[in-house]
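All values reported here derive from a predicted model rather than from experimental measurement. By convention here, the first residue in the shown sequence is residue 1.
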Amino acid sequence: MRKTSLIMLGAFLGAGTSMVATQTDFLSGPRAVAASAETYRQLSLFGDVFEKVRTDYVEKPEESKMIEAAVNGMLTSLDPHSSYMDAKAFRDMQTTTRGEFGGLGIEVTMEDGLIKVVTPIDDTPASKAGLLANDVITQIDEDQVQGLTLNQAVDKMRGPVNSAVKLKISRKEAKDPIEVTLTRDVIKIRPVRSRVEGGDVGYVRLTQFNEQTFDGLRTAVDKLSSEIGNDKLKGYVIDLRNNPGGLLDQAVLVSDAFLDRGEIVSTRGRNPDETQRFSAKSGDITKGKPVVVLVNGGSASASEIVAGALQDHKRATILGTRSFGKGSVQSIIPLGGSGALRLTTARYYTPSGRSIQAKGIEPDTEVLQDVPDELKGKDETKGEAGLKGHLKQKDTEERGGSSAYVPPDPAKDKQLTAAVDFLHGIQKGASNTQKPSLPN
């Protein structure tokens, strides 16, 4: 399943988000700043160039696309995470952060140019129709899938609830193609998965931070506590590896789930009066059980907020490899019916006041995986420091990416094994019930 990608980021019929995002309701800055005469002269220059291209280009250009490209060019020149979203991209982003949409309930990935089923989600049209892992989707309605991107195929499988879609499936064990007709239903993305490890450790995997994440975490912890028994339960492994981030409020809620007090994160914008601080409320859903958090080079943004907060408060032991290093906040600013801006508006800081921008979260205990020979040298992410135009920090040493490889077989996952062993051996220490509050 990992022939063409080091990290299998399967799509739940939707695109992931890799930002710590907040949302504002209208396009207006916190302060109105008058433009200089030089700025207006440059805007006049833009108008002159636009008019010349509109009238004299060899073929008649599409004016709306020219303007959209100019706006996007302005934004992408700022940093790697600012951009313009057209109306469709904005709707897709909202679908992702809501965590539910009209679809079939298939987690899919692209492998060797083919759309392959990773797994059907339980109790969805896909699972009820009998789709299986490793099925290859060759046709959607009357359209061949060959040549489509993953997102294009996903878009074709999404649609209004109660509408029908016909799939043609190639299955290794079947001689002939299989044709199935499915009726789309409301699909809820599962950002949280959990299981029991070693008979007495609760394992919780967070794949993204959408509107369902905190509720999913709370449900998983309650289920694991009940299944294992609170007296027998040694602690929890919270797996944030290859979690690209998501909503800021969900990162705060997930951090708060393990803390009784103290600052979780602060965001600091261009002006001092824009600083926001988010603090924990009383109540630890694990009832003080030890916690190990797994991170790697694919853990970014909201994942780093959680890891940084729990590390600073000595509430969890961070284990794995250095995280991605994305320490900025993007605000989503709707533009009426014309899409939205994704604009970097602040940096975030952990409770001790450190910024992880282009640096990442260093684990308390580094554990490297055994990377297959064919992937050696290809298992590291660039990290924020490797992105062109990333925000710089004064007097701070930047750090590149680290390994983001996770073995598909949990039995060969050295980081998970180390986390479970740590919880089996822990008595007192950094991950116990003590949760000191740091000075603000």
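Atom CG in Leu423 sits 10.5 Å away from atom NZ in Lys289 (nearest 0.5 Å). Distance CG/Leu335 to CG/Leu341: 4.5 Å, rounded to 0.5 Å. The distance from the OG atom of Ser323 to the CD1 atom of Ile305 is 11.5 Å, given to the nearest 0.5 Å. For the atom pair Asn296 CG and Leu368 CG, the distance stands at 11.0 Å (nearest 0.5 Å). Atoms CG and CZ, from Leu217 and Phe209 in turn, are 9.0 Å apart once rounded to the nearest 0.5 Å. Note that OG1 of Thr317 is 11.0 Å distant from CG of Leu294, once rounded to the nearest 0.5 Å.
In summary, the side chains of Gln330 and Ser328 do present a donor paired with an acceptor at a separation below 3.5 Å, with no hydrogens or angles considered. In this structure, a donor-acceptor pair under 3.5 Å is present between the side chains of Asp312 and Ser352.
Residues meeting the side chain to side chain contact (heavy atoms under 4.5 Å, CB included) test with Val71, sequence neighbours left out: Ile67, Leu75, Tyr84. Evaluation of the salt bridge (charged side-chain N to carboxylate O under 4.0 Å, His left out) rule for Lys412 yields no partner, not counting sequence neighbours.
Formation of a donor-acceptor pair under 3.5 Å by the Asp185 side chain with backbone atoms of Thr124 is not found in this model. Side chain of Thr417 to main chain of Asp413: a donor-acceptor pair is present (N/O by atom type, distance under 3.5 Å, no hydrogens or angles). The main-chain N or O of Ser301 is found under 3.5 Å from a side-chain atom of Tyr348 such that the two form a donor-acceptor pair. Side-chain atoms of Arg241 never come within 3.5 Å of backbone atoms of Ser299 as a donor-acceptor pair (strictly under, hydrogens ignored). Put simply, the side chain of Thr321 gets close to the backbone of Ser403: a donor and an acceptor are under 3.5 Å apart. Looking only at distances, no side-chain donor or acceptor of Ser226 sits under 3.5 Å from a matching main-chain atom of Lys223. Judged by distance alone, the side chain of Asp141 and the main-chain N or O of Asp143 form no donor-acceptor pair under 3.5 Å. In this structure, Tyr203 contributes its side chain and Arg193 its backbone to no donor-acceptor pair below 3.5 Å. A donor-acceptor pair under 3.5 Å is absent between the side-chain atoms of Gln393 and the main chain of Ala358, judged by distance alone. Judged by distance alone, with hydrogens and angles left aside, the side-chain atoms of Glu384 form no donor-acceptor pair with the main-chain N or O of Lys326 at under 3.5 Å.
Closest approach of Pro80 and Gly389 over heavy atoms only: CD-O, 3.5 Å. The two residues Leu148 and Met110 come nearest to each other via the heavy atoms O-CE, 3.2 Å. Between Ala153 and Ile140, the shortest heavy-atom distance links the atoms O-CD1, 3.7 Å. Minimum interatomic distance between Val367 and Ala418 (heavy atoms only, all atoms of both residues): CG2-CB, 4.1 Å. When all heavy atoms of Gly202 and Leu224 are compared, the closest pair comes out as CA-CD1, 3.7 Å. Thr344 approaches Ser82 most closely through the heavy-atom pair N-OG, 3.0 Å.
Between Asp222 and Arg218, no side-chain nitrogen of the basic residue sits less than 4.0 Å from a carboxylate oxygen of the acidic one, so the salt-bridge criterion is not met. Salt bridge annotation for Lys188-Asp215: absent, with no cationic side-chain nitrogen under 4.0 angstrom from a carboxylate oxygen.
Residues Glu100 and Glu211 are not in side-chain contact: their nearest non-hydrogen atoms beyond the backbone lie 4.5 Å or more apart. Counting only heavy atoms from C-beta outward, the side chains of Lys234 and Ile228 never approach each other to under 4.5 Å. Side-chain contact check for Phe90 versus Ile332: some heavy-atom pair is nearer than 4.5 Å. Put simply, the side chain of Ser255 reaches to within 4.5 Å of the side chain of Val306, judged on heavy atoms. Within the 4.5 Å cutoff, the side chain of Val145 has no heavy atoms near those of the Thr138 side chain. Contact check for Arg354 versus Gln311: side-chain heavy atoms found under the 4.5 Å cut-off. With contacts defined as side-chain heavy-atom distances shorter than 4.5 Å, the pair Asp256/Lys281 qualifies. Counting only heavy atoms from C-beta outward, the side chains of Asp379 and Gln369 never approach each other to under 4.5 Å.
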Evaluate the criterion side-chain contact (heavy atoms from CB on, under 4.5 Å) for residue pair Thr267 and Leu248; output intermediate values, then yes/no. CA-CA 10 Å; Thr267 63; Leu248 174 61; 4.3 Å; yes

Between Thr96 and Met93, does the side-chain contact (heavy atoms from CB on, under 4.5 Å) criterion hold? Intermediate values first, please. CA-CA 5 Å; Thr96 300; Met93 187 278 296; 5.7 Å; no

Derivation of the side-chain contact (heavy atoms from CB on, under 4.5 Å) call for Leu233 and Lys287: CA-CA 11 Å; Leu233 180 64; Lys287 297 180 174 60; over 6 Å; no

Please determine whether side-chain contact (heavy atoms from CB on, under 4.5 Å) holds for the pair Leu259 and Arg315, giving the CA-CA distance in whole Å, both sets of side-chain angles, and the decisive distance to 0.1 Å. CA-CA 7 Å; Leu259 297 170; Arg315 177 61 184 95; 3.8 Å; yes

Pair up each side-chain donor or acceptor in residues 161-169 with any protein partner under 3.5 Å, not counting sequence neighbours, and list the distances.
from   : atom 1 : to     : atom 2 : distance (Å)
Ser163 : OG     : Pro160 : O      : 2.5
Ser163 : OG     : Arg184 : NH1    : 2.8
Lys166 : NZ     : Glu142 : OE2    : 3.4

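Among Glu380, Glu366, Arg399, the one residue that satisfies the side-chain contact (heavy atoms from CB on, under 4.5 Å) test with Arg322 is Arg399.
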